[in-house]
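Chain letters run A, B, ... following the sequence lines, proteins first and then strands; every chain starts at 1. Everything numeric in this text was worked out from a predicted model, so none of it was measured.
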Amino acid sequence: MVYVDKDIESNLKYAPRSRNVFSTVKSTLVKYRKVVILLISLIFLSLFTDVPFVPHLKLSQPNVVIILAANEGGGVLKWKGAQEWSIERSSIANKKDYAKRHGYDLTIKDLTVKKRYSHEWRESWEKVDILKQAMRQYPKAEWFWWLDLHTYIMEPQLSLEEQIFSKLDNLTYRQLTDFNPLQLKTDIPYVDYSQPIDLLITQDCGGFNLGSFIVRRSQWTEALLDIWWDPVFYEQMHMTWEHKEQDALETLYNAQAWIRERVGFLPLRSINAFPPGACSEQSNDPRYFYSDKERDFVVNMAGCDWGRDCWNEMEHYKALSKKLQRPWYKFW
Amino acid sequence: MQFAYNNKFKPTKNDFQSKLKKNLGKISFIITLVFVFLLIIYKTTLSYSSNSIKSIYPKYHSFYKNDIPTKSSLIFPSVEHAPLLRELTIDKLFNTQLDQAGNKKYLFSDSFDDETTKQKNEEDSSNQMLKVKNSFLNHGKLKFNGPETPEIIIVTGIDFEKYELSHLTKIVQNRVNYSQKKGYGLYINWIQQYTPLLKDTGSSKEWAKLFLLRSAQYAFPNAKYFWYLDEDALIMRYDIDLYKYLLDPKVLDPIMLRNQPIIPPNGVIHTFKNTKAENVQLIITQSSSDLNLNSFIIKNEFISKSLLEFWSDTLFRTYHNFPKNGESALTHILQWHPIYLARTAIIPPRTIAGLHTQMELPEGGDEFHYSEGDFVVSLRDCSIRKSCESEIDLYWSKLEGK
């Protein structure tokens, strides 16, 4: 009896293996179905959603790098006060949160006055160098979004992909026929508008604005960054180029077809909306100013350190964004 | 034990299995459906649709709105018009306008495309001068649209104010003979074609070569190489195939001068040591003390187009400290902008620009000067020597004598 029993036992032991693997898997799945369902939903949440408290698996490296310029004009010439520290903290936290939410990289670049730029010719031309440096630092990233310190992302739930890149052609204009504050030439020879857009900038009431702009890694960008600052151009123009690299870009755009064909203009309010204090001479033109009703993406307190109160503005938009972002189920 | 035996073979599992087998088709269908659904969501949220370009933007065009298509790969103007063009003078060739400061501005205009003026021109066809003027202006609008683009285009600018008809004929004939024999394209245009650009900044005519090359790139959009050969130069060997002789990366690689100072002999900035011949966009030669732009080759790619446009920028043309115009500007660009230096090859002078000399050369020639059997003779600075005509005659007779 015992002998037979043993035989049956051993038979039983091997019985499931003789069946096919498929059914074995099935049976284990059914046995642990609660665990399996939990795992599947976790994977689902991790891959396809942005919900908090779940580690989000990103298989690809970040495609977008945000470059935040801090400490502009600071350093040995000027000590930061409490308000300046506060502005910097708010601005950095805002971008950090945004970058983390969408899986972008954030790099904070120090724009303190350096000796190497203090020569009359090169003062504050660091933007170009910083862009080159960031492109070397993140060799896999495609898009680089430059943001000045005095900017605030008001709608952090919007990704650049859905907000900008997916509708690049509908959002941008490439010819200055409709809006041309600088009266630049609208048509020059040899411009091929079938080229892709590699630089996304905005125009305010005074022309190009480089407070918030997006650039794509390409041979074109490499060439632009290389020629943006040229000593012969600068020697002739540095008295008229008040806004340095901004004016230089305007000059290059106006004269050279290869630059023009890859520049796309975004409406100011899409990534660079102004507070009422900026462009104050045209304060009734809705194209420039941030609107909370239309939930504009980013606000740029351009020129707030010229007779306005940066800290107040920053606190205002910070509070406003918090209010706009408050979920419906929170009452406090 | 018996109990355990029964328990192990409870039919529940088999029951489930059979159910599963029955519904296998259904289950796999649902799984595929969910998968496809997720895939669609994933794809639609990530795809960047940036290919459709709105048609509202102007089409790719040159200085003129309209092109005149031509099937011939040899584009050159009617040289016999030179004396009449000289008689007409530039002021009558272009429409002019006075700007606010009272300076005369020369205009590129399409007015000759208008229907009314066209008719008027036909009525006046007896008027020889108008014919010449039309032919001059229309020549700038020619664009090649033949079935097969030649790979190599020879580009020359000719100046009716500098040379008489007989010499212009020799210069053009020399290029036509060579390119016909080798099946290359030819783009010859009057330097005066670019008067509006040159007068605008008061620039020397030497800058015209850059505009000319850009026009040639426009007229032959699918060509690979553009060889700029100045009017003060002659091709001395019609049997040399430029690709096998120089342009083939395998040939170019060993002859490129690496770590060569841009300003010889002691310039601080040198060419890169590791430039690859395949990446070269610009091929130039040097004399003993500077760059020689009498004869150089540029590729037809993005970087070379950007170089031409940057190089010919107004701010370079107005710069007071560029005594040699385009040559000074290129010397400057190569020393300041590594993106272009990395794509430039300096090659030994005698390959494409052996210089003319009256001196006795040693046996086998020297490094810089043309000697019998070389590909090209460059008559650089012949205007300073005041002997352009006689030098052209000298080498032309050598060519004809063969």
Side-chain angles (χ1 to χ4, degrees), chain A residues 1-2 4-5 8-9 12 15-16 19 22-23 26-27 30 44 47-48 159 161-162 164-170 173-175 177 186-197 219-220 222-227 229-237 251-252 254-259 261, chain B residues 1-2 4-5 8-9 13 16-17 20-21 24 38 41-42 44-65 108 214-215 217-218 301-303 305-310 312-316 318-322 328-329 332-333 336-340:
Chain A
M1 197 63 193
V2 170
V4 174
D5 250 351
I8 289 169
E9 278 294 308
L12 282 174
R19 279 187 262 156
F22 182 73
S23 55
K26 282 288 161 213
S27 54
V30 170
F44 180 84
L47 283 176
F48 298 106
S159 74
E161 284 84 4
E162 62 177 306
I164 311 282
F165 303 150
S166 61
K167 42 187 181 184
L168 216 49
D169 283 331
N170 297 329
Y173 57 98
R174 297 173 81 166
Q175 231 195 337
T177 38
T186 52
D187 189 21
I188 60 171
Y190 305 129
V191 184
D192 179 6
Y193 287 107
S194 65
Q195 299 290 330
I197 296 174
Q219 206 176 39
W220 180 90
E222 197 191 332
L224 171 68
L225 293 179
D226 195 330
I227 65 137
W229 188 83
D230 180 272
V232 167
F233 283 26
Y234 205 67
E235 190 185 327
Q236 292 174 85
M237 301 303 283
T251 308
L252 291 172
N254 200 32
Q256 297 180 26
W258 69 278
I259 301 242
E261 67 193 11
Chain B
M1 275 300 145
Q2 198 65 35
Y5 178 86
K8 288 259 151 96
F9 283 99
K13 264 181 199 168
F16 176 76
Q17 227 173 304
L20 200 77
K21 265 181 192 156
L24 201 66
L38 288 177
I41 291 179
Y42 187 70
T44 46
T45 48
L46 275 183
S47 68
Y48 309 63
S49 57
S50 61
N51 291 327
S52 62
I53 284 296
K54 280 183 253 167
S55 54
I56 52 161
Y57 301 119
K59 70 171 176 48
Y60 187 49
H61 64 86
S62 68
F63 293 99
Y64 302 97
K65 280 190 196 77
F108 284 112
R214 194 64 190 83
S215 304
Q217 284 182 337
Y218 179 78
E301 282 167 27
F302 163 73
I303 285 286
K305 282 180 195 171
S306 79
L307 171 63
L308 278 180
E309 288 171 12
F310 178 53
S312 58
D313 192 281
T314 329
L315 286 171
F316 284 140
T318 53
Y319 189 53
H320 60 89
N321 212 1
F322 279 166
S328 306
H332 162 82
I333 290 169
W336 279 93
H337 301 292
I339 192 162
Y340 297 120

Next on the checklist: Can a side-chain donor-acceptor contact be found between B:Tyr57 and A:Ser194 if the only test is distance below 3.5 angstrom?
Outcome noted: no

Next on the checklist: With a 4.5 Å cut-off on side-chain heavy atoms, are B:His61 and A:Asp187 touching?
Outcome noted: yes

Checklist entry - Among side-chain atoms of B:Gln217 and A:Tyr190, is any donor-acceptor pair under 3.5 angstrom? => result no

Checklist entry - Given that the side chain runs from C-beta out, which part of B:Ser328 has a heavy atom under 4.5 Å from chain A: side chain, backbone, both or neither? => result neither

Checklist entry - Heavy-atom distance under 4.5 Å to chain A: side chain of B:Thr318, backbone, both or neither? => result both

Next on the checklist: Is A:Ser159 close to chain B through its backbone or its side chain, or both, or neither, when contacts mean heavy atoms under 4.5 Å?
Outcome noted: neither

Checklist entry - Of A:Glu261, A:Gln256, A:Gln175, which is the lone residue that meets side chain to side chain contact (heavy atoms under 4.5 Å, CB included) with A:Val191? => result A:Glu261

Checklist entry - Given the options A:Ile197, A:Ile227, A:Leu224, which has more heavy-atom pairs under 4.5 Å with chain B than any of the others? => result A:Ile227

Checklist entry - Parallel, tilted or perpendicular: which describes the rings of B:Phe310 and B:His337, with under 30° parallel and over 60° perpendicular? => result perpendicular

Checklist entry - Looking at B:His320, B:Arg214, B:Lys59, which one has more heavy-atom pairs under 4.5 Å with chain A than the rest? => result B:Arg214

